[in-house]
Number of protein chains: 2
Amino acid sequence: MGKQQMTEMLKGTLEGIVLAIVASEPAYGYEITAKLRDEGFSDIVEGTVYALLVRIEQRGLVDVTKVPSEKGPPRKVYSLNAQGGEYLEEFWKSWSFLAERIEQLHHHHHTDNPQHEGE
Amino acid sequence: MGKQQMTEMLKGTLEGIVLAIVASEPAYGYEITAKLRDEGFSDIVEGTVYALLVRIEQRGLVDVTKVPSEKGPPRKVYSLNAQGGEYLEEFWKSWSFLAERIEQLHHHHHTDNPQHEGE
DNA sequence: CGGCGGTATTCGGTGTCACTATGTACTGGT
DNA sequence: ACCAGTACATAGTGACACCGAATACCGCCG
């Protein structure tokens with residue numbers, strides 16, 4: 001699968017994915033990265049996720065709590081707040097809009113059987 | 001709908017959208033822009049499309065033919081070539097992969113079923 | 001003791017992309 | 001001559017995912 005393509009496609013959507021994850025249950029960065037790997041996003045590394053988390057925190061979409069860990073430095077646990085919830089709703093609207101139109105093109109591509117004689 | 005979100009989401013996907021359009025039928029830039037507007041992408045302007053077309057041409061994904069116009073400068077008509085076809089296939093794979101996983105999250109969010117049993 | 005691997009976060013630099021804004025070129029109508 | 005519509009081009013901007021390296025904390029093995 002085009003890795004380069006996936007990278008570009010993830011722009012904008014990865015943010016929504018992560019917000020959706022913390023929406024379902026508060027989580028910390030390392031954990032989120034592991035979840036993403038579980039979900040099949042095997043190429044997403046820590047650095048990418050942490051940078052994203054910093055961004056959404058600075059935008060006030062998530063609340064952060066520091067929780068000590070037994071196995072390393074303290075964890076920063078992120079949870080979606082009200083503003084983040086609204087933002088996530090907007091994300092789903094944008095996603096649905098885009099997905100609908102692209103699926104149309106995709107479908108077109110499959111079914112479109114030009115017994116090419118329209119000529 | 002978050003315009004900013006849509007801008008980021010289009011990264012990577014707009015390329016696929018345009019390739020899908022020229023795959024179904026050769027077209028020139030101005031025409032493609034109009035089609036996109038028709039499809040609901042009302043904020044995409046010429047400049048964006050032209051820059052994209054230059055890119056995919058330089059990557060050898062499309063063939064170009066200059067065709068005189070009665071109403072302005074000559075049109076550059078783009079058509080998908082073999083390499084572009086392969087690339088588009090890869091795009092659909094990446095898209096399907098991503099869309100599946102995101103729809104899962106979306107669905108989860110709606111039918112909000114807290115099945116926390118791995119606890 | 002000292003290094004090593006797993007946990008957990010941070011950060012500077014890179015490349016790509018859609019967007020903005022502007023400019024150029026060609027035509028027909030008034 | 002001017003203007004609006006058609007058609008293309010492009011330099012600069014901001015946002016984002018990625019890369020690589022560094023730091024901190026812990027337990028274990030030699």
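Computation of the quantities below employed the complete heavy-atom set of this structure, encompassing side-chain atoms and omitting hydrogens, waters and symmetry-equivalent molecules.
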Tell me: CD of A:E70 to P of C:dG6, nearest whole Å?
18 Å
Distance check needed: C:dA18 P versus A:M9 CE, whole Å only.
11 Å
Please state how far atom CZ in B:R75 lies from atom C1' in C:dT27, giving the value in whole angstrom units.
12 Å
Integer-rounded Å distance: C:dC17 P and B:L19 CG
12 Å
Does B:K76 make a side-chain N or O approach to OP1 or OP2 of D:dA9 shorter than 4.0 Å?
yes
With a 4.0 Å limit, can you tell me whether B:S69 has a side-chain N or O closer than that to the phosphate oxygens OP1/OP2 of D:dA7?
yes
Does the protein touch nucleotides 13-22 of chain D at the base, only the backbone, or not at all? Give it as B, S and - per nucleotide, heavy atoms under 4.0 Å.
-BBBSBSB--
Output the rounded distance in Å from CZ (B:F91) to C1' (C:dC17).
14 Å
Closest non-hydrogen atom pair, B:S94 against A:Q5
OG-OE1, 3.5 Å
B:T13 OG1 to A:L10 CG distance, which is reported to the nearest 0.5 Å:
11.5 Å
What side-chain hydrogen bond (donor to acceptor under 3.5 Å, both in side chains) pairs are there with at least one residue in residues 60-69 of chain A, not counting sequence neighbours?
A:D63-A:N81
With sequence neighbours left out, which residue pairs that include part of residues 25-50 of chain B fulfil the side-chain hydrogen bond (donor to acceptor under 3.5 Å, both in side chains) condition?
B:Y28-B:R75
Whichever of A:P73 and B:K66 has its nearest DNA chain D nucleotide further upstream toward 5':
B:K66
Is it true that B:R59 and B:E15 make a salt bridge, defined as a side-chain N closer than 4.0 Å to a carboxylate O?
yes
Which whole-number value in Å describes the distance from B:L61 CG to C:dC17 P?
11 Å
Could you check how far CD of B:E46 sits from P of C:dG23, rounded to whole Å?
16 Å
Once you round it to whole Å, what is the distance between P of C:dC26 and OH of B:Y30?
17 Å
Taking only N and O in the side chain of A:Y50, is any of them less than 4.0 Å away from OP1 or OP2 of C:dC11?
no
Quick check on the 6.0 Å ring-centre criterion: do B:H106 and A:W95 meet it?
no
Would you kindly confirm whether A:V49 and A:V67 end up in one hydrophobic cluster when ILVMFWY residues are joined by side chain heavy atoms under 4.5 Å apart?
yes
